[in-house]
> 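The structure is given below, and queries will be raised subsequently.
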Amino acid sequence: MASINYATREISCKIVYYGPGLSGKTTNLQIIHRKIPAETKSEMVSLATETDRTLFFDFLPLDLGSIKGFATKFQLYTVPGQVYYNATRKLVLRGVDGVVFVADSQRDKMQENLDSLKNLQENLKEYGIDLGSVPFVLQYNKRDLPGVATVAELDQQINWFKVPCYEAQAHQGIGVFTTLKAIGKIVIDTFNAKYTARQSSRRPSSLPDTQSTVPHPAAVAGSMAPAPPPRPTPAPPPPAAAPAPRPVSAPPPAMPPPPPMPPPRPQQPPPPSIIQPTLPRPQPSAPVGAPQFTGFSPPPPAPPSPSLPGLQPGFFPGPGAPTHAPIPPSPGLLDPLAPPPPVPMAPLPGLTGFDPPAPPSRGSGPGSAAAATGAVPMGSDTTSKKKSRLDGTLDPSDLDAEIARYERELSEQKTAPPPPPPQVDTGRVVANPNVNPNMEGNDPLASAFLTPEELSRLQSPDSYPTRRMPLGPGQQ
Amino acid sequence: MANYILYKEDIDRLNKVLGHLLSSASATFVLLVHKDGNLLANQGYTKAFDTTALAALAAGSYAATRAIAQMIGENEFTVLFHKGHTDNIHISLVDEDCILVLVFDDRTNPGLVRLESEKAIKGVNVILEDIRHNEFTDLESAPPKSDSVGQQMERLFPGL
């Protein structure tokens, strides 16, 4: 990318030295760097391996000085030539204004020259640049080695675009500056041509037409200096043929086929500079804890199961069962957030005439309910202000006293004769003598598990209780 | 071959923004670099550094990390930070063509540098957008011709 800075009166162009590995690209830059006058010399940057093979690129800024008031600068780059550094070569080629292809003149390096040239063409295509439209010169290096191909052969093999070619012996400095001058002129000519074309397209009709007196850059180059031959449009070459010596009068050999065009680079959308939240803030649509499902029509309510009275339908949906609206808590289920309901007291065996106290009411003393019903309060501690554990309102600090009272009553029960089955009101749980009496008999669900037949069977002397089976409602 | 045409007004505007960034972030110097390696503008203490080479290397470094980013599924990294013993470099993406290189030492901290860089990038983006629409306007200040370049090269490399 050539830049012209009118503020600092500076023109900057980028020239890349391309070619196969060990062809002499870095040597070209080193020679140039060595010959630059001290007053304008800049440091050359070389990113190379320990064996002096270019790893990333070499960079040499070349300041040609002021020309017509403009400081003209060339930024010279080289690329790593080894095959597996293709990604790096691609990066360095970005914004290139001119290319110098340094070819190895040795015959056994011809294929590498061809591969590198094809690679150059492919990499430029990725930037949308046609090699035929970029200022481009060829340098046939290592002309001093034995077994080098002739210039004609090299032209035939790699000079597809008929660009200027220069022989060189880079390690001795021969041909290096000739090549540099040539590419510099072509780059500036191309830059000027673009500048002139822009001016002619923008020129208003009222102003004197000076553009007609400005010659075409190619003609200018032709008149002032040996112009390079016109670059024809590269025709599709015929299939590749084996390189073989031919007589002079024979037609030119078949050109190797051009490499397949790489697919165009997909256009990446530019990253947003400011990321705006696009999702609306989610609004809670249901209370926490309730299952929320959409898109399902609620199934018809299943009939209650007769084998399990009291169990609410759909409480335990099977896998894959459709969801439904929140289920209201059943009377049998306890709300975990609600205070525990008062537990009805189960009359213990041996305690006849005992009715569980009524739920405490405001303003009534702890013993008022018992006195109202006429029942003998449990325990002899008539002065106790605490509620019994059985109704769920026991003060934890009186737990020990409650346990002691209970054990005392149990011992009294053992000494007393077995009482007849007491009359049980509906809904009350009666302890079964075959059941462990230490277990609480106040399970609200206890009455829901037995049928009358099961209960009578359990109450027979030879029954073997496997679980606590209190009587059902309305049963003895 | 795309061209960047910078006029004095553009450079003044860029220098103003970069100067403000320099003072607010307490940085040593700041460079505005094109991804091709060209240095577009700079502010701060740059005499001790080869800013041309630094710009080329920063662009190359950014290009290399961009290739790494694409390997892991990202388009490119918007911020790069290199920490040294005394001096550090903060490289941030300005737009699709340019990067901002900020060199600072222990007088400031990376968070402040990043914060101020983000603010400055917005201003630089506006200026760069104007620069892209710049055209050649002054025929009298036309760039040099190739014959002049050849003569200058002859002067620079006599006999070569």
Side-chain angles (χ1 to χ4, degrees), chain A residues 1-9 11-12 14 35-37 40 42-43 45 47 56-57 59 61 64-65 67-70 72 75 77 87-88 91-92 94-97 129 134 173 176-177 180-181 184-186 188-192 194-195 198-199 202 210 220-221 224-225 268 270-271 273, chain B residues 1-12 34-41 50 52-54 56-57 59-64 66-67 70 75-76 78 93 95-97 121-122 125 134-139 141-157 159-160:
Chain A
M1 180 218 66
S3 67
I4 175 167
N5 189 334
Y6 281 103
T8 57
R9 308 290 288 184
I11 294 174
S12 178
K14 179 176 182 177
K35 296 293 184 181
I36 290 176
T40 58
S42 304
E43 286 300 320
V45 176
L47 303 177
F56 197 170
F57 61 88
F59 170 68
L64 296 183
I67 305 174
K68 288 187 64 177
F70 278 89
T72 307
Q75 294 179 341
Y77 287 83
T88 308
L91 303 180
V92 178
R94 181 193 170 112
V96 63
D97 296 310
I129 301 173
V134 174
V176 172
F177 294 95
L180 178 62
K181 290 174 192 174
K185 289 180 185 180
I186 297 175
I188 293 296
D189 280 344
T190 307
F191 187 77
N192 280 326
K194 188 171 289 190
Y195 162 81
R198 278 189 178 190
Q199 285 299 102
R202 285 193 326 106
T210 57
V220 169
M224 303 303 296
Q268 299 285 351
S273 57
Chain B
M1 179 175 76
N3 295 327
Y4 253 59
I5 302 167
L6 300 168
Y7 289 101
K8 185 176 184 306
E9 297 78 21
D10 304 318
I11 298 297
D12 290 342
H34 196 275
K35 284 184 182 177
D36 300 343
N38 275 331
L39 177 62
L40 299 180
D50 185 352
T52 306
L54 186 58
L57 287 170
S61 171
Y62 186 85
R66 182 169 184 267
Q70 289 173 347
N75 186 30
E76 56 189 341
T78 57
L93 180 68
D95 61 358
E96 57 185 4
D97 289 331
I121 282 170
K122 294 178 184 175
N125 266 323
N134 283 348
E135 297 285 348
F136 295 105
T137 56
D138 190 358
L139 271 179
S141 300
K145 294 292 189 290
S146 60
D147 53 340
S148 306
V149 172
Q151 292 169 8
Q152 195 69 12
M153 280 197 173
E154 287 291 344
R155 186 187 65 79
L156 200 63
F157 306 110
L160 294 176

> Tell me the closest heavy-atom pair linking B:A56 and A:F57, and the distance in Å.
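B:A56 and A:F57 have their closest heavy atoms at O-CZ, 3.8 Å.
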
> Heavy-atom distance under 4.5 Å between the side chains of B:L57 and A:L47, does that happen here?
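Counting from C-beta outward, B:L57 and A:L47 do come under 4.5 Å.
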
> Could you give the distance from CG (B:N38) to NZ (A:K14), rounded to the nearest 0.5 Å?
8.0 Å

> Between A:E43 and chain B, with a heavy-atom cut-off of 4.5 Å, which part of the residue counts as in contact: side chain, backbone, both or neither?
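It is both, since atoms from each part get that close.
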
> For B:E96 and A:R94, which heavy atoms make the closest approach, and how far apart are they?
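Nearest heavy atoms, B:E96 then A:R94: O-NH2, 3.4 Å.
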
> Is it the side chain or the backbone of B:I121 that comes within 4.5 Å of chain A heavy atoms, both, or neither?
neither

> Set out, in order, the CA-CA distance, both residues' side-chain angles and the distance that settles side-chain contact (heavy atoms from CB on, under 4.5 Å) for B:R66 and A:L91, then state yes or no.
CA-CA 10 Å; B:R66 182 169 184 267; A:L91 303 180; over 6 Å; no

> Given that the side chain runs from C-beta out, which part of A:L180 has a heavy atom under 4.5 Å from chain B: side chain, backbone, both or neither?
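Both the backbone and the side chain of A:L180 come within 4.5 Å of chain B.
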
